[in-house]
Amino acid sequence: MQTPQSRSLSIFGTLMIICGLIAYATIGIKARNIMFSGVVVGIIAWILSWLNGTGKINVWSGLALAFLSSAVFGQRAIANLLALIGIIQHDMPLDAYNKCIALVILIFMSITSVTTLILLFYSIEERE
């Protein structure tokens, strides 16, 4: 039986994998870290969704994954924003186009993580 928590985690995992693959398809080999982290978080979310649906683990592990991924993707988004500001201010001949694409994808990944965190938290509150 699928619970609301397991559905939220499976959608979260799917979105993370899609974002990672989009980053790799648009930016190329420079986005291998975004792709790797997105796919790994997505696969872990799918595994946690399956385990939560079967009742083998509690939803708190999904909360921990969503919290950690929001912190990681948020930090990477801030780092890319600061790098983009540095490129613009110093008129450096670096690739600002790919930084902008990575920034948008990382912001979407962090917002998705925070939204999943909120959904999981409120679904725990409803259950109790």
Side-chain angles (χ1 to χ4, degrees):
M1 181 176 110
Q2 256 198 342
T3 62
Q5 295 92 359
S6 64
R7 277 183 262 152
S8 296
L9 281 171
S10 64
I11 292 170
F12 171 62
T14 303
L15 287 175
M16 290 294 113
I17 291 173
I18 289 171
C19 285
L21 295 177
I22 286 174
Y24 187 75
T26 56
I27 298 172
I29 195 69
K30 292 181 181 178
R32 66 185 174 275
N33 290 337
I34 297 173
M35 183 197 66
F36 180 72
S37 60
V39 169
V40 167
V41 168
I43 290 172
I44 291 172
W46 280 350
I47 292 169
L48 291 178
S49 169
W50 176 71
L51 290 173
N52 188 3
T54 58
K56 294 183 180 179
I57 61 168
N58 201 345
V59 74
W60 293 104
S61 58
L63 275 168
L65 176 69
F67 178 74
L68 289 175
S69 65
S70 64
V72 168
F73 293 130
Q75 186 273 335
R76 292 310 314 152
I78 291 170
N80 272 329
L81 178 64
L82 293 176
L84 184 63
I85 290 171
I87 290 171
I88 293 169
Q89 282 181 342
H90 301 296
D91 198 28
M92 297 164 58
L94 297 176
D95 196 7
Y97 178 75
N98 288 339
K99 286 284 184 197
C100 289
I101 292 173
L103 179 64
V104 169
I105 291 172
L106 286 168
I107 287 173
F108 181 77
M109 291 170 95
S110 62
I111 288 173
T112 303
S113 300
V114 170
T115 304
T116 303
L117 182 67
I118 292 168
L119 285 172
L120 290 174
F121 181 75
Y122 281 118
S123 67
I124 290 174
E125 199 171 86
E126 288 176 2
R127 187 192 291 178
E128 294 176 353

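- Side-chain heavy atoms closer than 4.5 Å link hydrophobic residues (I, L, V, M, F, W, Y) into clusters, and following such links, possibly through other members, connects Val40 to Leu117.
- Ile118 has its side chain within reach of Tyr122: a pair of non-hydrogen atoms, C-beta onward, lies under 4.5 Å apart.
- What you find for Ser8 and Leu120 is that their closest heavy atoms are CB-CD2, 4.1 Å.
- With sequence neighbours left out, Ile18 forms a side chain to side chain contact (heavy atoms under 4.5 Å, CB included) with Thr14, Ile22.
- Atom CZ of Arg76 and atom CD1 of Ile105 lie 14.0 Å apart (nearest 0.5 Å).
- Under the 4.5 Å side-chain heavy-atom criterion for grouping Ile, Leu, Val, Met, Phe, Trp and Tyr, Val104 is not connected to Ile88 through any hydrophobic cluster.
- Under the rule for a side chain to side chain contact (heavy atoms under 4.5 Å, CB included), the partners of Ile78 that lie at least two apart in sequence or sit in another chain are Leu82.
- Met35 is listed as a side-chain neighbour of Leu21, based on a closest heavy-atom distance under 4.5 Å.
- The stretch residues 16-35 participates, sequence neighbours left out, in no side chain to side chain donor-acceptor pair (under 3.5 Å) pair at all.
- Linking Ile, Leu, Val, Met, Phe, Trp and Tyr whenever their side-chain heavy atoms come within less than 4.5 Å puts Phe36 and Val39 in one cluster.
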I'd like a table of donor-acceptor pairs (distance under 3.5 Å, sequence neighbours excluded) in which one partner is a side-chain atom from residues 106-113, with atom names and distances.
from, atom 1, to, atom 2, distance (Å)
Ser110, OG, Leu106, O, 3.2
Ser110, OG, Ile107, O, 2.9
Thr112, OG1, Phe108, O, 2.7
Ser113, OG, Ser69, OG, 3.0
Ser113, OG, Met109, O, 2.9

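- Scanning for side chain to side chain contact (heavy atoms under 4.5 Å, CB included) contacts around Ser37 gives Phe73, with sequence neighbours left out.
- To the nearest 0.5 Å, the span separating CD1 on Ile43 from CG on Leu48 amounts to 12.0 Å.
- Minimum interatomic distance between Ala23 and Ile34 (heavy atoms only, all atoms of both residues): CB-CG2, 3.8 Å.
- We find the OG1-CD1 distance between Thr115 and Ile11 to be 12.0 Å, quoted to the nearest 0.5 Å.
- Take Leu81 and apply the side chain to side chain contact (heavy atoms under 4.5 Å, CB included) test, not counting sequence neighbours, and it matches Ile85, Leu103.
- What you find for Cys100 and Leu84 is that their closest heavy atoms are SG-CD2, 3.6 Å.
- In this structure, the separation between CZ on Phe12 and CD1 on Ile17 is 10.5 Å, given to the nearest 0.5 Å.
- Contact detail for Gly53 and Ser6: the closest heavy-atom pair is N-CB, 4.0 Å.
- To the nearest 0.5 Å, the span separating CD1 on Ile44 from CG on Leu68 amounts to 10.0 Å.
- Rounding to the nearest 0.5 Å places OG1 of Thr116 at 6.5 Å from CE of Met16.
- If you chain together hydrophobic residues whose side chains sit under 4.5 Å apart, Ile47 and Leu65 fall into the same group.
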